[in-house]
**Q** 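Structure incoming, see below.
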There are 2 protein chains.
Amino acid sequence: MNAPIVNPALTKNQTLVFDALNRAEGPMSAYTILDKLRDHGFRAPLQVYRALDKLTEFGMVHRLESLNAFVACAHRESECCGGSHNHGQGTVAFAICESCNQVIEFHDHEVDHHLGDWAKSKGFKPSKTTIEIRGLCEKCAA
Amino acid sequence: MNAPIVNPALTKNQTLVFDALNRAEGPMSAYTILDKLRDHGFRAPLQVYRALDKLTEFGMVHRLESLNAFVACAHRESECCGGSHNHGQGTVAFAICESCNQVIEFHDHEVDHHLGDWAKSKGFKPSKTTIEIRGLCEKCAA
DNA sequence: TGCCACACGTTATAGCATAACGCAATTGAT
DNA sequence: ATCAATTGCGTTATGCTATAACGTGTGGCA
């Protein structure tokens, strides 16, 4: 089995961005992150985007396409799928509350399976799959 | 059965935008549409965005979140789901070829069902679900 | 030592989307 | 018929999101 990317050494900027996302406990746009990090010397969007690119590559951060925003991966060490920040073959899905902005990250192997079957039947080779459910979380729907 | 929005009368701008998307046979950004319609008197992005908002509301156009672009709905009259541009309860999914930009629109009721179950189990009330598979279509993967 | 890969910093620019204003046409109830 | 509400339209200005292109510095390594 190919070695997934596990606990890569983060650079200073990557660490700052990752920590900012973890503290936020919710999605942030790149420019919001930039503003939070001005006190730490950040001056330009590229500093944020470059860090986000790497963190996304490492699987430590996810991009929410429907929000143009980013969240820290909700996984903790070795929680599932065989390792730290390794999502294996599984697609990550998100439920995004449009009222309180809470984001629930989850996996659904059945959904993966069905979409995989569809792709196979069409000869389509997936590289990245986005699943995002916008709506109201339990609290906000009440 | 509840009446879905069927063949609403389109305004001039809406018709121009919809026709442009249909001619394109592929996704276009709002600004690309604007450029195509300058000869028809379009001058500003809002003319395009306002038409797109309505067309999306009517179900005649879909937004591809991972592309910031728009496509005409691939459905033809009464093709499925009980009527013109009526997607019923079903979520629309897209496979997007990153090589040739072809977009395949499809439905997967099993996937809908599983995501619906997940939402129900969490008390989450979905309003809109995005499913987009980026990858290579059969031709481009060969 | 020279080369390479990579992170970083900066300036500028490109691409996507909406706010806020006013006007015109339509509808529909009184 | 007329007034009010709604809707579409056009324009200007602005804001948000993302990347191009340049150069610098550093660490590994043949």
Side-chain angles (χ1 to χ4, degrees), chain A residues 5 7-21 24 26-58 60-71 96 98 101 103 128 130 132 134, chain B residues 5 7-21 24 26-58 60-71 96 98 101 103 128 130 132 134:
Chain A
I5 299 169
N7 286 340
L10 297 184
T11 67
K12 179 161 166 288
N13 284 3
Q14 287 159 16
T15 304
L16 286 167
V17 169
F18 187 57
D19 288 350
L21 277 173
M28 283 199 291
S29 76
Y31 278 74
T32 303
I33 296 170
L34 174 58
D35 286 338
K36 301 245 180 222
L37 294 180
R38 288 201 187 274
D39 293 344
H40 294 271
F42 275 49
R43 315 285 314 169
L46 261 196
Q47 296 174 279
V48 178
Y49 281 109
R50 290 203 272 231
L52 286 171
D53 283 349
K54 284 298 178 186
L55 292 168
T56 301
E57 183 185 324
F58 299 154
M60 300 169 70
V61 162
H62 300 293
R63 176 186 171 79
L64 300 177
E65 301 288 351
S66 67
L67 290 182
N68 292 329
F70 302 84
V71 280
I96 302 165
E98 292 177 308
N101 296 312
V103 173
K128 193 199 174 202
T130 298
E132 296 177 17
R134 306 284 294 267
Chain B
I5 300 169
N7 288 336
L10 297 184
T11 67
K12 180 160 165 289
N13 284 2
Q14 288 161 14
T15 303
L16 285 167
V17 169
F18 186 59
D19 288 350
L21 276 173
M28 283 200 293
S29 77
Y31 278 74
T32 303
I33 295 170
L34 174 59
D35 286 339
K36 301 245 181 224
L37 294 180
R38 288 202 187 273
D39 293 345
H40 295 271
F42 274 51
R43 316 281 316 165
L46 262 198
Q47 296 174 281
V48 178
Y49 281 109
R50 289 203 272 230
L52 286 171
D53 283 349
K54 284 298 179 187
L55 292 168
T56 300
E57 183 185 326
F58 299 155
M60 300 170 70
V61 162
H62 301 293
R63 175 183 170 80
L64 301 176
E65 301 288 352
S66 67
L67 250 35
N68 293 328
F70 303 82
V71 280
I96 302 165
E98 292 176 308
N101 297 311
V103 172
K128 193 200 174 203
T130 298
E132 296 177 16
R134 306 284 294 267

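The sequence lines fix the lettering, A, B, ..., with proteins before strands; numbering per chain opens at 1.
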**Q** Would you kindly give the CG-to-C1' distance between D53(A) and dT19(D), to the nearest whole Å?
**A** 10 Å
**Q** Indicate yes or no for a side-chain donor-acceptor contact from R134(B) to the backbone of S66(B) under 3.5 Å, with no hydrogens or angles considered.
**A** yes
**Q** Taking CD from E65(B) and C1' from dC16(C), how many angstroms apart are they, rounded to a whole number?
**A** 12 Å
**Q** Which atom pair, heavy atoms only, marks the closest approach of V71(B) to G26(B)?
**A** CG1-C, 3.9 Å
**Q** Between Y31(A) and L46(A), which has a closest nucleotide on DNA chain C that is more 5'?
**A** L46(A)
**Q** Of all the choices, dG9(C), dA18(D), dA17(C), which nucleotide is nearest to the side chain of R63(A) once you look at every atom?
**A** dA18(D)
**Q** How many whole angstroms separate atom CE of M28(A) from atom P of dC16(D)?
**A** 16 Å
**Q** How long is the line joining CG of D35(B) and P of dC16(C), in whole Å?
**A** 10 Å
**Q** Which nucleotide, dG9(C), dA7(C), dA18(D), lies nearest any side-chain atom of Q14(A)?
**A** dA7(C)
**Q** Under 4.0 Å between a side-chain N/O of K54(A) and OP1 or OP2 of dA7(C), yes or no?
**A** yes
**Q** Can you tell me which nucleotide in dG9(C), dA7(C), dA18(D) comes closest to the side chain of Q47(A)?
**A** dG9(C)
**Q** OP1, OP2 of dA17(C) versus side-chain N and O of Y49(B): anything below 4.0 Å?
**A** yes
**Q** Respond yes when some side-chain nitrogen or oxygen of T11(A) is under 4.0 Å from OP1 or OP2 of dA7(C), and no when none is.
**A** no
**Q** Would you say N68(B) places a side-chain N or O within less than 4.0 Å of OP1 or OP2 belonging to dA17(C)?
**A** yes
**Q** Checking all strands, does R50(A) fall into the base, sugar-phosphate, or nothing category for heavy-atom contacts under 4.0 angstrom?
**A** base
**Q** Check whether E132(A) reaches the backbone of I96(A) with its side chain - one donor and one acceptor, N or O, closer than 3.5 Å.
**A** no
**Q** So which heavy atom on F70(A) is nearest to which on L21(A), and how close?
**A** O-CD2, 3.3 Å
